[in-house]
Structure formats: C-alpha cells, structure tokens
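Below, chains carry the letters A, B, ... as their sequence lines are ordered, and counting in each starts from 1.
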2 protein chains.
Amino acid sequence: MTIKQLEAFFWAAKLGSFSLAAARLCVTQSSLSKRIAELEADLGKPLFDRAGQRAVITDAGVRLLEHAGRMLELESLIRSDLDTQGTLRGSCRFGISELVASTWFPAFVARVRREHPDLVLEPHVELTSKLERMLERGELDFAIVPGPSASPNLSHEKVGELEYRWMASPERLPAGTVLTPAHFSEHPMITLSADARLSREVERWRAHVGVAIPHALVCNSLAALITLVMAGVGISTFPTAYVAPFLASGRLVALVSDPPPYNLNYCFHWRTDDPRAVVRVLREIVRAEANFLMPSPLWPAAT
Amino acid sequence: MTIKQLEAFFWAAKLGSFSLAAARLCVTQSSLSKRIAELEADLGKPLFDRAGQRAVITDAGVRLLEHAGRMLELESLIRSDLDTQGTLRGSCRFGISELVASTWFPAFVARVRREHPDLVLEPHVELTSKLERMLERGELDFAIVPGPSASPNLSHEKVGELEYRWMASPERLPAGTVLTPAHFSEHPMITLSADARLSREVERWRAHVGVAIPHALVCNSLAALITLVMAGVGISTFPTAYVAPFLASGRLVALVSDPPPYNLNYCFHWRTDDPRAVVRVLREIVRAEANFLMPSPLWPAAT
DNA sequence: TGGCTTTACGGTTTTCGTAATCATT
DNA sequence: AATGATTACGAAAACCGTAAAGCCA
C-alpha cells in the first residue's frame, strides 16, 4: 500500500471516474488504473465494480474512502507542518473571473510567491459557469467567482462584494440619468456571454423590474465590454469601484435605476471533499488579501 | 513521501537507532538509511542530527514523529478494517516463556491461525529478561512473561496468575513436609538461570524468609528442571496447576512453607509506542485465550 | 578498534507512458 | 462511433543488498 495508490483511489472515488482522477493527478489513465489495481491486489478486495462502462465503487471501497481521505489529509498536514516552515509545494490549479484577474490577482500572486516560493500557480481565467464545471470535474482546486454555487459538492466562502451600477458613455446619456423602461428600448445593452454569472444577474434584475431589454451585443471579455461602452456602443453594468478611473475622467458616467442593479458576492469555491492543505492555506490568503475595490492596475489613472 | 519512508523514520526515532530499526523492518541498514535520507530530501529538513555516533532526532523530527505514528496507525486500521474482514497479514514476532509455550500456546496458535490465516507467527522462547531486552530493542512485537516490567517504554496487561509451591520427589521428602531453614541446607535447590524472573522471585522469597539457600544447580529449561526434581536431584518451585499430573501420580510432592513462595502474574507486554493493529488484536486474543491453569499437553496424564 | 552510519555500485523490481485492445453506451 | 477502462510492452527510475568507506567513542 502506498500513498500514491490511496490518492489515486480517493480521487477516482470522489470524481466518479478514472479518467478525471488521472487528469487531476497528472498521470495517464493507464497508470492510474494500475495503481488502483495494485491497491486492490494488496488489500485483497475489489474497490470498484467494473461491470458497466463506469467503474462504480464497492462497499469495501466506501469503507476505504474515509480512511484514504484521512491519510491524504495527514500527508498534507505533515508537509504544511514541516516543509520549510509550512511552505506549500507542488502546483495548484484554480479559476478566476476576468475581473478578479485584473484587480487583486497580482497582489495575490505576489504574496503566494513570497510565502510559498515552491508552489506553482496555474490560474484559469474563464466565465463563472465554466469554472464551476471544471471544479465539479476536479480539474481545478478552487475558484474565485461570484457565488454561491448550487452544487452540493462545493463549499464556498464570501471574500468580497462588488456594487454594480448602470453605466454609459457621456455622449450617450448624461451622468445621473434616471433610467426608465424607455431608455432600455433606446439604448442597446452590452453584456457578458449568457453563461456568465453577471449576465444571469442582469436577467434577474430585468425580470424584477419588468422591462424588456434587447441584447444588443454579447461578449466574453469584460475589458472589451468596457471599451465598447466607452466607445458609445451601448449601456452595461460595471462595478463602480472597478471603473472609478473612467468615472473620474468622465469617459464613463453612472446612471441611476430603481432598484439599483445588484451586488455580486465573490466567493472562494472549493471541493468539500478535498482534504489537501493547499486549499485551506490559499483560502486563508485569499480571505486576507481579497480586495476587489480597486481598478485594474493596467489602467492609467488619468485616462 | 512514502509510507515505507515514514515507517523507517518512525522506528528509527522510537528505537533510537538506525540498525535496530532496520532489523525490526527486516531490511538492511543501508536501505533504511536511504529511506530516511529520501524522506529528509523530500521534506527539505534534516530529521536526524548525525554529528555524533548515534543519529539523534531533530526538532523537525520530533514534530514529524507524531504524524508518522498516526499515519502508521491509519495504515494498520485500513488493513484491519478491509483486509478480508479484519484479518491480519504479515508476520508477528513475539516472546513467551517456556511455561507459556507448553501450556496455552498451542491453543493460541490454533485460534490465531483460524482467525488470521495470513499472519505468520514467529515465537521466541527465552527467559523473561532476554525477552524484555528484545522487546526494548524492538526485536519483538510483544511478549508474554511474568510481569510487570520496569521499562517506561513498555505497557503491560495481566492475563493470568500462577501459584508456585515448593516441590520435591517423594524419595527426598514426604508430601506436606513443613520446610525449615535446615531443609534448605540439606536439600540442593534447582532453579532457572539467574536472569529468569522465576529465579529473581526465589531470591526475594529467600531474603524475606532469611534462610541461606545454596544454588545447587542452574538450568535454563523448565522442563529439564522438573525432570531433575523428579529424579530426586533437589527441590524447586513449580506452579501447582502446571505439574498437577505429576502430583497426582506421586512423582512429585508439594511441600509447605511459611510464607508460601509467591504467585507470578503473567502479563502481555508490548511497546507503548507501537501503533500497529496487530498488537492490539493479538492482545485481545491473548486476554480471551489465556489459560495457564493447565499442565503441558505434552505430558501423558497418567505419567 | 569497534559500533554505527553513509556511500558506491550492480542487479532486480517497479513504475510510467504509448499504443493497442476490450467493453459499454 | 465515442467514451471509459484494461492490457502489452519498452524505457526510465526506484529500490535493495553487498561491500567499502567515514566517523565518532
């Protein structure tokens, strides 16, 4: 019995698939299959029932699962306890939204590199729904996206809240305009792709207010969205703090609506069944470091 | 990090010596040394300080030790939980006294073989003090000898008590003779080797009574001792239950002394720091199976 | 010198990935 | 067909034991 075997078994069981487990552990299916076969040979009991296409866990497997989890947790604990003063090693895959990527993310990376120089970060910038799917499939260790998520396998912890307001270019509407249903017919709305959390919130707001909003343009890049709005193509909702430089320079103006659009709660999402210390430690860093109330450091303050 | 590495480290730390740990794990010193070196390389911290002749554990090693113990315990738990319905595997080295070996030991072996067919038993029949030393050095997993032991590293649990009486052959002394100091000058005493627990008890009794007892003959075999006493060579102390057939057939007679010699408490001794399930499980079997109140099954009842 | 540990080296075993095969949907 | 898991096999790496060398009492 080796730790690698138990790890292979654990993730195969948790993810319900040998191939997903293999991907998560960065080995081939073949290798993972053999690790589990060897564990079964060692214990003398089958851990999976290979009757169907998907391997389904046996009773013995269920009994082992809990122990295996504690074993991995313990290994993780050993490393975080000893390993160069609690320094993390290995690699960590995680997902962030574009907004997160362009706000506090550099500070997060800097801090992680300082405190855990041997940890390789592998960020994925995608829309919320895709990141949730990847997390479900075990392809990510955690994700920071607007939440909460509905999945029963995922836990979440709020790390920040952003206030959204309708905005437009000053050529299109004067600052402080009180929006009426008529405005929405007149001014095309620009949103993120339909599977972004942001778009879902816009839709909820629309339904609540009862106006019909024609989707003039859909884009999967928040930066592109802001550019389009500043170019006068249409209206959209942005976090006020995020676009503060543009509001200050007058390239964007905030509009007034009743009710105001919505606030998004950014959450740290992780697999509830993930026993590794890296998830816990990075969650604490995110919690301490979370600061969404800043514009992108890429933007010149005076622009 | 592998379980084997942690196991090597654990026993090296507990036994305070690489060579003893290597012997216990049935590998060469070289191999054990490398396992620990690899673990140190993996964790990035030295676990032992090799300045002196003996490797002495570092602070990091002390921190790891507890975790490693829990890891081995967990591995053991997994095996006992899954492995063919709680069946033990591997091998188990233990020590017993000659008396134990010739009384309930066959029943113990039968039961272990029935309940744990894959467990290889390696009994060592030696005198108490040698078995205690072997247990100290980690060369045994447990020992069943008269106790308790004084070592702080060993735990013990009483599993049986035997009543000893002075005995002789009927040719030498009539049954029921009340022993006086004069008898001890007259009749040579035959005892086990000086490092047997039994001999120590005899010595304590002698000091208490205040008689001088010349050691006529020392032997390291209880069976030989009985033979010698029956042959009329001298007197000795035996458990009454053990030699019941000889008392019944009149080949031995019990003598009376004030105070009576002593009772020996047979105990199951094990290393307090041994986290393996095999020790716990076998202890329970011994507790259930312990029956010293029987003569050796090797002796014809009518002899 | 003698006990204890590490290093060097070879031979065996294990492990891994590619690719092919088998089975199920 | 497409997906998911196992088997075959060659290459690379790990592991173990023997033997030699260091190192402190």
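- Few gaps surround CG on A/D49; more than 12 heavy atoms of other groups in view lie less than 6.0 Å from it.
- The only member of B/R271, B/K14, B/E136 that meets side chain to side chain donor-acceptor pair (under 3.5 Å) when paired with B/N153 is B/E136.
- Residue A/D49 contributes atom CG, which lies 18 Å from atom P of D/dG4 at whole-angstrom precision.
- Regarding B/D42, its CG atom lies at a distance of 12 Å from the P atom of D/dA14, rounded to whole Å.
- Using a 4.0 Å cut-off, no side-chain N or O of B/R50 falls inside it from OP1 or OP2 of D/dG22.
- A salt bridge links A/E40 and A/R50; the closest N-O separation between the charged side-chain nitrogens and carboxylate oxygens is under 4.0 Å.
- With salt bridges taken as basic N to acidic carboxylate O contacts below 4.0 Å, one links B/E75 and B/R79.
- On a pure distance criterion of 3.5 Å, a polar donor-acceptor pair joins the side chain of B/S30 and the base of D/dT18.
- Residue A/S33 places at least one side-chain N or O closer than 4.0 Å to OP1 or OP2 of D/dT6.
- Distance, A/R137 CZ to D/dT3 C1': 12 Å, rounded to whole Å.
- For A/C26 and B/G16, each mapped to the nucleotide of DNA chain C holding its nearest heavy atom, the one lying further toward the 5' end belongs to B/G16.
- Atom P of nucleotide C/dT15 and atom CD1 of A/I36 are separated by 14 Å, given to the nearest angstrom.
- The phosphate of D/dA5 (OP1 or OP2) has a side-chain N or O of A/Q29 nearer than 4.0 angstrom.
- Ion pair B/R111/B/E115 flagged as a salt bridge, since at least one NZ, NE, NH1 or NH2 atom sits closer than 4.0 Å to an Asp/Glu carboxylate oxygen.
- Using a 4.0 Å heavy-atom criterion, one finds that B/T28 contacts the bases of the nucleic acid, with or without backbone contacts as well.
- In this structure, A/R24 pairs ionically with A/D274, as a charged nitrogen and a carboxylate oxygen lie closer than 4.0 Å.
- The local environment of CZ in B/R70 is sparse, with at most 12 non-hydrogen atoms from other residues, nucleotides or ligands closer than 6.0 Å.
- We find that CG of B/L20 is positioned 14 Å from P of C/dG3, with the value rounded to whole Å.
- When the nucleotides C/dT15, C/dG17, C/dC16 are ranked by their closest atom to the side chain of A/V27, C/dG17 comes out on top.
- Within residues 1-13 of chain B, the residues that have a heavy atom under 4.0 Å from DNA chain D are, in order of number, B/K4.
- Ring geometry for A/F108 versus A/F94: interplanar angle over 60°, hence perpendicular rather than tilted (30 to 60°).
- Which of C/dC9, C/dC16, D/dA5 sits closest to the side chain of A/S31 comes down to C/dC16.
- Within the 4.0 angstrom heavy-atom criterion, no nucleotide atom of any strand lies near A/A37.
- The A/K34 side chain lies nearest to C/dG17 when the options are D/dC16, C/dT6, C/dG17.
- Between the CG atom of B/L32 and the P atom of D/dA14 there is a distance of 19 Å, rounded to whole Å.
- For the pair B/R54 CZ and D/dA25 C1', the interatomic distance rounds to 12 Å; values are reported in whole Å.
- Taking atom CZ of residue B/R35 and atom C1' of nucleotide C/dT6, one finds them 16 Å apart after rounding to whole Å.
- Contact of A/Q53 with C/dT25 (side chain to base): no donor-acceptor pair of N or O atoms is detected under 3.5 Å.
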